[in-house]
Engineer: 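Mind having a look at this structure? Questions to follow.
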Amino acid sequence: MTIDFTEELRWRGMLHDMMPGTDEQLRKEMTSGYIGFDPTASSLHIGNLATIMLLVHFQRAGHKPYALIGGATGMIGDPSFKAAERTFLDEETLRFNQEGIRKQLEQFLDFDCGANSAEMVNNYDWFKDIGFLQFLRDAGKFLSVNYMMSKDSVKKRLETGISFTEFSYQLLQGYDFYHLYKNKNVRLQMGGSDQWGNITTGTEIIRRKEGDEEGYFKAYALTTPLLTKSDGSKFGKSEGGNIWLDATKTSPYEFYQFWLNQSDEDLPRYLRVFSFKNKQEIEALESSHAEAPHLRIMQKALAEELTSRIHSERAFQLVLKATEVLFGKATLETLQSIAADEFETVFNGVPQTEITLQEWNDCTNITDLVSTVTYSEIYASKGEARRAIQQNAVSVNKVKVTSAEQPLTDFSLLQERFLLISKGKKNHLIKLKM
RNA sequence: GGGGGUGUACCAGAGUGGCCAAAUGGGGCAGACUGUAAAUCUGCUGGUGUAUGCCUACGGUGGUUCGAAUCCAUCCGCCCCCA
């Protein structure tokens with residue numbers, strides 16, 4: 001009656017590759033598996049969310065998930081498919097990031113459900129006591145440089161340059177797997193398809209150190225496809241960069257908007273990866289979407305599910321309200337009818353700039369207001385602002401600005417302290433400090 | 001250590017003394033069309049509001065010249081080949 005892990009991944013399109021024997025192992029018994037997350041930032045982003053879902057499904061299928069935080073590997077930097085060497089993060093930042101990521105991972109997995117309770121480990125805990133010589137003898141001796149160089153993930157870098165440090169990364173990750181295999185009986189490492197090379201380095205170390213007498217691997221690998229966008233650009237980025245799970249880095253409003261704006265073509269895939277909805281539910285959404293594409297039923301369903309899951313139901317409700325006002329049929333009158341404190345809550349996540357009353361009073365025209373007076377946060381320069389206005393791109397409180405020289409006396413503040421600027425269809429709020 | 005190459009705007013990449021704020025492509029931002037989608041078409045994409053102006057910019061510094069992204073010196077970074 002429990003769900004079959006690989007079956008589940010297959011119909012969701014989340015299975016990219018796995019080692020021979022993986023399926024058999026998973027069907028045979030409750031298996032421990034892990035995924036690693038390096039603390040390169042203080043928050044995870046939606047690119048990580050796909051692999052987190054892998055762990056979640058893993059646990060739902062009755063297996064035991066380990067979330068590994070790369071406190072040690074994060075100090076080195078994974079070169080996989082990266083075009084250039086990266087700069088180190090300082091240790092303070094790493095420890096700070098590590099803590100943020102740990103907290104986020106905690107909310108996705110169940111750490112108290114009996115035998116298959118999730119566990120969290122940090123590879124810094126075992127690497128901090130291993131000396132260089134010991135590591136060379138324990139891990140390095142088992143793999144040839146030739147083997148390590150043959151990985152696709154480092155091929156490009158072998159042409160353009162890679163430091164010994166980054167080149168060693170796969171050895172560290174491989175050793176992690178070995179360590180968990182030895183101490184926690186972890187048999188499977190999962191990850192995005194870009195991690196295949198690093199993961200198989202791990203299975204190789206285990207095989208060579210532990211022997212392979214029965215002719216099948218004792219440690220397994222499974223990867224999920226990296227998400228792509230139908231137009232070929234990178235998934236998970238917006239104008240502002242990454243879409244983070246942390247509400248202070250990407251507000252629930254921006255988070256919701258991100259999903260709402262994904263193209264029709266990509267949604268069936270995203271629903272399967274990110275939603276908990278089952279096959280029938282997803283297919284039903286697809287057919288209702290096909291009947292009335294302009295309603296964007298799939299986008300709304302996914303945006304709703306993820307916003308309430310990652311943030312909260314209340315956050316979602318507020319975001320929905322903000323969206324209705326900003327993109328709906330709202331007029332100047334609607335905006336004026338919203339009370340000040342409600343305005344504050346509802347538009348909380350909408351990008352905004354605070355200026356002083358003095359700055360507002362001193363400002364003579366709209367061009368200055370949306371450029372220098374708002375610290376170039378809306379438009380980078382006066383020239384850019386002027387151009388945009390000439391191109392009919394700017395409105396204030398839902399009314400188009402017609403001239404770059406328009407004086408501010410033409411616009412009235414909402415609730416005596418807000419001004420809603422729209423550059424194109426995107427919104428920005430100006431708030432007076434009181 | 002020897003030899004060669006290369007460094008140009010967000011990225012790729014042209015430009016090899018004035019016509020260069022720098023071709024072209026991508027990206028980005030808008031407009032039209034729409035559904036806050038995709039595709040397509042159009043405009044913009046160094047600053048300063050209009051000045052054949054001025055300032056800042058072709059890895060750093062210094063020089064040659066009336067004039068330098070372009071020539072010279074030197075330093076720095078990166079890549080390739082030989083040892």
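Just so we're clear, the structure is a prediction, and the values are computed from it rather than from any experiment. Just so we're on the same page: letters track the sequence lines, and every chain starts at 1.
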Engineer: Where do N or O atoms of nucleotides 45-48 of chain B meet protein N or O atoms at under 3.5 Å, pair by pair?
Structural biologist:
unit_1, atom_1, unit_2, atom_2, d
B:rG47, OP1, A:S381, OG, 3.0
B:rG47, OP2, A:R387, NH2, 3.2
B:rU48, OP1, A:K382, N, 2.6
B:rU48, OP1, A:G383, N, 3.2

Engineer: Could you work out which one of B:rA30, B:rA37, B:rG35 sits closest to the side chain of A:Q299?
Structural biologist: B:rG35
Engineer: From the list B:rU36, B:rA30, B:rG49, which nucleotide is the closest neighbour of the side chain of A:Q391?
Structural biologist: B:rA30
Engineer: Tell me: CG of A:D266 to P of B:rA39, nearest whole Å?
Structural biologist: 10 Å
Engineer: Using the C1' atom in both, what is the distance from B:rG17 to B:rA69, to the nearest Å?
Structural biologist: 11 Å
Engineer: If you check every side-chain atom of A:T323, which of B:rA30, B:rU36, B:rG49 has the closest atom?
Structural biologist: B:rU36
Engineer: Which base, if any, makes a Watson-Crick or G-U wobble pair with B:rG43, both distances under 3.5 Å?
Structural biologist: B:rC29
Engineer: Would you mind classifying the nucleic acid contact of A:N392 as base, sugar-phosphate or nothing, using non-hydrogen atoms under 4.0 angstrom?
Structural biologist: sugar-phosphate
Engineer: Would you state whether a donor and an acceptor, one from the side chain of A:K425 and one from the base of B:rU34, lie under 3.5 Å apart?
Structural biologist: yes
Engineer: From the set B:rU36, B:rA30, B:rA38, return the single nucleotide nearest to any side-chain atom of A:F327.
Structural biologist: B:rU36
Engineer: Rounded off to whole Å, could you give me the CZ-to-P distance for the A:R269 and B:rA38 pair?
Structural biologist: 15 Å
Engineer: Any strand counts, and the cut-off is 3.5 Å on both contacts for Watson-Crick or G-U wobble. Which nucleotide pairs with B:rG77?
Structural biologist: B:rU6
Engineer: Considering only heavy atoms from C-beta outward, does the side chain of A:F411 approach that of A:I366 to under 4.5 Å?
Structural biologist: yes
Engineer: Give none if B:rG49 has no partner; otherwise give the nucleotide forming a Watson-Crick or G-U wobble pair with it, both distances under 3.5 Å.
Structural biologist: none
Engineer: Kindly compute the distance separating CD (A:Q262) from CZ (A:R296), expressed to the nearest 0.5 Å.
Structural biologist: 11.5 Å
Engineer: Among A:D264, A:L295, A:L267, find the one that has a side chain to side chain contact (heavy atoms under 4.5 Å, CB included) with A:H289.
Structural biologist: A:D264
Engineer: Once you apply the 3.5 Å cut-off to both distances, tell me the Watson-Crick or G-U wobble partner of B:rA21, or none.
Structural biologist: none
Engineer: Quick one: pull up OG1 in A:T402 and CD in A:Q390 and give me the separation to the nearest 0.5 Å.
Structural biologist: 11.5 Å
Engineer: Sticking with atom C1', work out how far B:rG26 lies from B:rG62, rounded to a whole angstrom.
Structural biologist: 37 Å
Engineer: Are any non-hydrogen side-chain atoms of A:M75 and A:L89 less than 4.5 angstrom apart?
Structural biologist: no
Engineer: When you compare B:rC44 with B:rA23, how far apart are their P atoms, in angstrom units rounded to a whole number?
Structural biologist: 13 Å
Engineer: Could you tell me how far B:rG13 sits from B:rG59 if I compare only their P atoms? Round to whole Å.
Structural biologist: 14 Å
Engineer: What is the distance from NZ of A:K426 to C1' of B:rA37, rounded to the nearest Å?
Structural biologist: 12 Å
Engineer: If we take the C1' atom in both B:rA12 and B:rG27, what is their distance in whole Å?
Structural biologist: 10 Å
Engineer: Would you check if the distance from the ring center of A:F127 to the ring center of A:Y175 is below 6.0 Å?
Structural biologist: yes
Engineer: For A:A388 and A:N261, take the nucleotide of RNA chain B holding the closest heavy atom to each; which residue's nucleotide lies nearer the 5' end?
Structural biologist: A:A388
Engineer: Which of parallel (below 30°), tilted (30 to 60°) and perpendicular (above 60°) describes A:W126 and A:H179?
Structural biologist: parallel
Engineer: C1' atom, B:rG77 versus B:rG43: distance in rounded Å?
Structural biologist: 39 Å
Engineer: Send over the distance from A:L260 CG to B:rU34 P, rounded to a whole Å.
Structural biologist: 20 Å
Engineer: Between B:rA39 atom P and A:K229 atom NZ, what is the distance in whole Å?
Structural biologist: 9 Å
Engineer: When rounded to the nearest Å, what value does the distance between P atoms of B:rU70 and B:rG31 take?
Structural biologist: 41 Å
Engineer: Whole Å only: how far is the CD atom of A:E324 from the P atom of B:rU36?
Structural biologist: 14 Å
Engineer: Taking the six-membered ring for Trp, are the ring centroids of A:Y253 and A:F347 within less than 6.0 Å of each other?
Structural biologist: no
Engineer: Which whole number of Å gives the distance between the P atom of B:rU56 and that of B:rG4?
Structural biologist: 37 Å
Engineer: Strictly by Watson-Crick or wobble contacts shorter than 3.5 Å, is anything paired with B:rC71, and which nucleotide is it?
Structural biologist: B:rG63
Engineer: If you pin A:A393 and A:E405 to their nearest nucleotides in RNA chain B, which one's is more 5'?
Structural biologist: A:A393
Engineer: What's the CG-P distance between A:L320 and B:rU36, to the nearest Å?
Structural biologist: 15 Å
Engineer: Would you mind pulling out the nucleotide paired to B:rG1, Watson-Crick or G-U wobble, both distances under 3.5 Å?
Structural biologist: B:rC82
Engineer: NZ of A:K300 versus P of B:rA37: gap in Å, rounded?
Structural biologist: 13 Å
Engineer: Measure the CG-CG distance between A:L222 and A:L9 for me, rounded to the nearest 0.5 Å.
Structural biologist: 6.0 Å
Engineer: Using a 4.0 Å heavy-atom cut-off across all strands, classify A:T367 as base, sugar-phosphate, or nothing.
Structural biologist: nothing
Engineer: Taking the six-membered ring for Trp, are the ring centroids of A:W244 and A:F255 within less than 6.0 Å of each other?
Structural biologist: no
